[in-house]
Amino acid sequence: MTRKIMAALASSLNPSPQYTVPTDYPPHGSVVEEIEGLIRVHKDGYVERPQVVPCVTISTLSPELNVTSRDMVIDSVTNTWARVYVPICQHKLPLLVYFHGGGFCVGSAAWSCYHAFLARLSSKVGCVIMSVNYRLAPENPLPAPYDEGLKALMWVKQQMLHQQHNKASELWWTTKCNFSSVFLAGDSAGANIAYNVATRLGACDGAALSPLNLKGLILIQPFFGGEARTGSEKCMAQSPGSALNLAASDTYWRLALPCGANRDHPWCNPLAVKLEELKLLRTLVCVSEMDILKDRNLEFCEALARAGKRVEYGVFKGVGHAFQILSKSQLAKNRAEEMMARVKSFMGL
C-alpha cells in the first residue's frame, strides 16, 4: 500500500463520537429511549448523542508519562480504528488490547477520560495499549462490537506477520510489542466485549490468532446483567450523577441486545451457559464496592471458580462504577493506583 493511500485512510479517520446532532436537524418524532445527557433514540430510529465528554487528539499527552501515541486505521469502511500507547523504553513490552465502556451505546477511544487513563496505565504498568474504537448500538447492536474486537485482533496479527514489509509509520509500535504476551481488557461494556471475544477465541483454541499468544483477560467492572435482580442492583443507592444506575443499565441492554432478547441472553448474562464447557483465559476481575454491578461481578467470579477456571478478583473500597476514568477525588485516584498495581502484577510485570 502506498504512502498516499495510507495518508488518505488516516485522514478519513474520525475520532469524534458517532452520529452527533446537527442543531438544525428536523424533528424525528417522539423519543422512545433516553438516558439523560448521554443518548436519545427517536421513534424513526434517529439517535442523538450529546458530546458530554470532549474528544481529544494524541497531542494532549502529558510529557512526564514518557508515552507516545498515534491513531491507527483498522477498517476504513466501518471507521474502526485504534489509539495506540507505547511507553518509551528499549525493550519489548506486553500488548494490552483494550475496549472502552459506555453501555455499547456511547463512548469513544478519543474521549479525554479514556485518553488520560490509558496513557497513565501504559506508563505505570509498562505495556503497549491498543484502545479499540468500535461501532455503537443501537445502530450496530450486539454482536457487532464482538465482531470488531475479533477484527482488531486479526489486524494485530497481520501487523505482526508483516513487520518486515511494514512502513515506518507502522513499525513505531509493532517493534515494541512482545506478541507472545497479549492480554484482552476493558471496562464496563468494554469488559463485556473483551470477555465475549475471549470466549469466541476459546471455542477455536485461539488457533485463528496464532502465532499471537493470549495470556490473560482483565475485566474492570464488567457490564453483565440478568432478569433476576441482585442485592446491589436493588439496594445500592446511586447519586444522580452516578456513572451507572439501574434504569440506565436496563436502557443500555434494550438498545444493545438483538431484537426480542432479554437480559438472560448469554451476551448479557454469562451464567446462562455452562461455564465448565468454555475454554477461558486466566482472568482478573476488578470490582467496585459502590457499584450496582458489585454483586453480579462477584457472582461471576464465584461461578468461574466453581467451574474450575483460573480467576482472581479485587474489590476496590469506597468507589463506584467507572471511578478510574470519571472521578477526580483523591480516594478515586488512590484506588486507581491500586488497580493499576493489581493489573501490573496480574500481567507478571
Side-chain angles (χ1 to χ4, degrees), residues 94-101 113-114 116-127 129 131 181-199 214-225 230-233 235-236 238 242-244 249 270-271 275 278 280-349:
L95 172 63
L96 183 70
V97 179
Y98 194 93
F99 301 94
H100 68 77
C113 54
Y114 278 109
F117 171 65
L118 293 177
R120 197 163 73 254
L121 183 66
S122 175
S123 176
K124 294 284 187 180
V125 172
C127 65
I129 296 180
S131 176
S181 185
V182 181
F183 292 79
L184 299 182
D187 67 290
S188 195
N192 178 297
I193 295 169
Y195 174 77
N196 279 284
V197 168
T199 58
L214 294 180
K215 300 293 288 289
L217 182 61
I218 300 165
L219 308 179
I220 301 173
Q221 304 134 4
F223 185 44
F224 295 135
T230 66
S232 59
E233 287 172 344
C235 303
M236 187 77 72
Q238 298 293 308
S242 174
L244 186 70
S249 174
L271 306 189
L275 295 177
L278 298 180
L280 291 176
L281 298 167
R282 186 170 63 96
T283 302
L284 168 66
V285 182
C286 297
V287 183
S288 291
E289 183 185 34
M290 309 306 292
D291 188 356
I292 64 167
L293 298 178
K294 181 191 74 170
D295 288 352
R296 195 170 295 281
N297 288 173
L298 293 175
E299 288 174 4
F300 171 69
C301 294
E302 292 163 3
L304 286 182
R306 286 196 304 270
K309 308 306 178 185
R310 296 169 297 168
V311 59
E312 59 184 85
Y313 69 90
V315 178
F316 295 87
K317 302 291 185 180
V319 287
H321 194 77
F323 75 89
Q324 72 282 356
I325 61 164
L326 296 179
S327 177
K328 291 180 168 49
S329 72
Q330 189 57 52
L331 175 63
K333 291 176 182 177
N334 293 343
R335 295 294 180 262
E337 291 291 324
E338 294 170 11
M339 178 186 289
M340 291 181 192
R342 188 67 183 265
V343 169
K344 181 171 183 174
S345 174
F346 178 79
M347 294 177 68
L349 298 172

Novice: Evaluate Tyr313 against Phe346 for ring-ring contact (aromatic ring centres under 6.0 Å, His included), listing each step before the verdict.
Specialist: CA-CA 10 Å; Tyr313 69 90; Phe346 178 79; over 10 Å; no
Novice: Does the Thr283 side chain pair with the main chain of Leu281, one donor and one acceptor, at a distance under 3.5 Å?
Specialist: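 Such a contact is found between Thr283 side chain and Leu281 backbone.
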Novice: For Pro222, is there any backbone N or O sitting under 3.5 Å from a side-chain donor or acceptor partner on Asp187?
Specialist: no
Novice: Evaluate side chain to side chain contact (heavy atoms under 4.5 Å, CB included) for Glu299 paired with Thr230, printing each intermediate quantity in order.
Specialist: CA-CA 9 Å; Glu299 288 174 4; Thr230 66; 4.0 Å; yes
Novice: Within the distance-only criterion (no hydrogens, no angle test), does the side chain of Lys309 pair as donor or acceptor with the backbone N or O of Leu278 below 3.5 angstrom?
Specialist: yes
Novice: Under the side chain to side chain contact (heavy atoms under 4.5 Å, CB included) rule, what do Glu312 and Arg342 come out as? Steps first, then yes or no, please.
Specialist: CA-CA 10 Å; Glu312 59 184 85; Arg342 188 67 183 265; 3.5 Å; yes
Novice: Quick one: closest heavy-atom pair of Tyr195 and Leu280, and the distance?
Specialist: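 Where Tyr195 meets Leu280 most closely, the heavy atoms are CE1-CD2, 4.0 Å.
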Novice: What is the distance from atom CG of Asp291 to atom CD1 of Ile220, rounded to the nearest 0.5 Å?
Specialist: 12.0 Å
Novice: Looking only at heavy atoms, which two atoms of Ala194 and Leu217 are closest? And how far apart?
Specialist: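 Nearest heavy atoms, Ala194 then Leu217: O-CD1, 3.6 Å.
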Novice: So does Ser232 get a backbone contact from the side chain of Asp295, meaning a donor-acceptor N/O pair under 3.5 Å?
Specialist: yes
Novice: Can you see whether Gln330 engages Asn334 through a side-chain donor-acceptor pair at a distance of less than 3.5 angstrom?
Specialist: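 A pair is found: one side chain offers a donor N or O, the other an acceptor, under 3.5 Å apart.
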Novice: Nearest heavy-atom pair of Gln324 and Arg120: which atoms, and what distance?
Specialist: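 Distance-wise, the nearest heavy atoms are O-NH2, 4.1 Å.
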Novice: Hey, does the side chain of Glu233 reach the backbone of Ile292 with a donor-acceptor pair shorter than 3.5 angstrom?
Specialist: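 The answer is no, because no donor-acceptor pair under 3.5 Å joins these two groups.
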Novice: Please tell me whether Ser242 and His321 have a donor and an acceptor in their side chains that are separated by less than 3.5 angstrom.
Specialist: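 Ser242 vs His321: no donor-acceptor pair found between side chains.
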Novice: For a side chain to side chain contact (heavy atoms under 4.5 Å, CB included) check, start with the C-alpha distance between Glu337 and Lys333, then their side-chain angles and the critical distance, and finish with the verdict.
Specialist: CA-CA 6 Å; Glu337 291 291 324; Lys333 291 176 182 177; 5.7 Å; no
Novice: If I compare all heavy atoms of Ile129 with all of Ser122, which pair ends up nearest, and what's the gap?
Specialist: CD1-N, 3.6 Å
Novice: What verdict does the side chain to side chain contact (heavy atoms under 4.5 Å, CB included) test give for Phe183 and Val97, after you've listed the backbone C-alpha separation in whole Å, the side-chain angles of each residue and the deciding distance to 0.1 Å?
Specialist: CA-CA 6 Å; Phe183 292 79; Val97 179; over 6 Å; no
Novice: Can you check whether Phe99's main-chain N or O pairs, donor with acceptor, with Tyr114's side chain at less than 3.5 Å?
Specialist: no
Novice: Do we get Arg296 above Phe223's six-membered ring, with its NZ or CZ under 6.0 Å from the centre and within 45° of the axis?
Specialist: no
Novice: Check the side chains of Gln221 and Ser288 for a donor-acceptor pair under 3.5 angstrom, ignoring hydrogens and angles.
Specialist: yes
Novice: Which heavy atom of Leu275 sits nearest a heavy atom of Pro270, and at what distance?
Specialist: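 Looking at all heavy atoms of both residues, the shortest contact is CD2-O, 3.6 Å.
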Novice: Does any non-hydrogen side-chain atom of Val287 lie less than 4.5 Å from one of Lys294?
Specialist: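 With C-beta onward as the side chain, the pair touches.
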Novice: Of all the heavy-atom pairs spanning Thr199 and Asn196, show the shortest one and how long it is.
Specialist: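 It is OG1-O, 2.9 Å.
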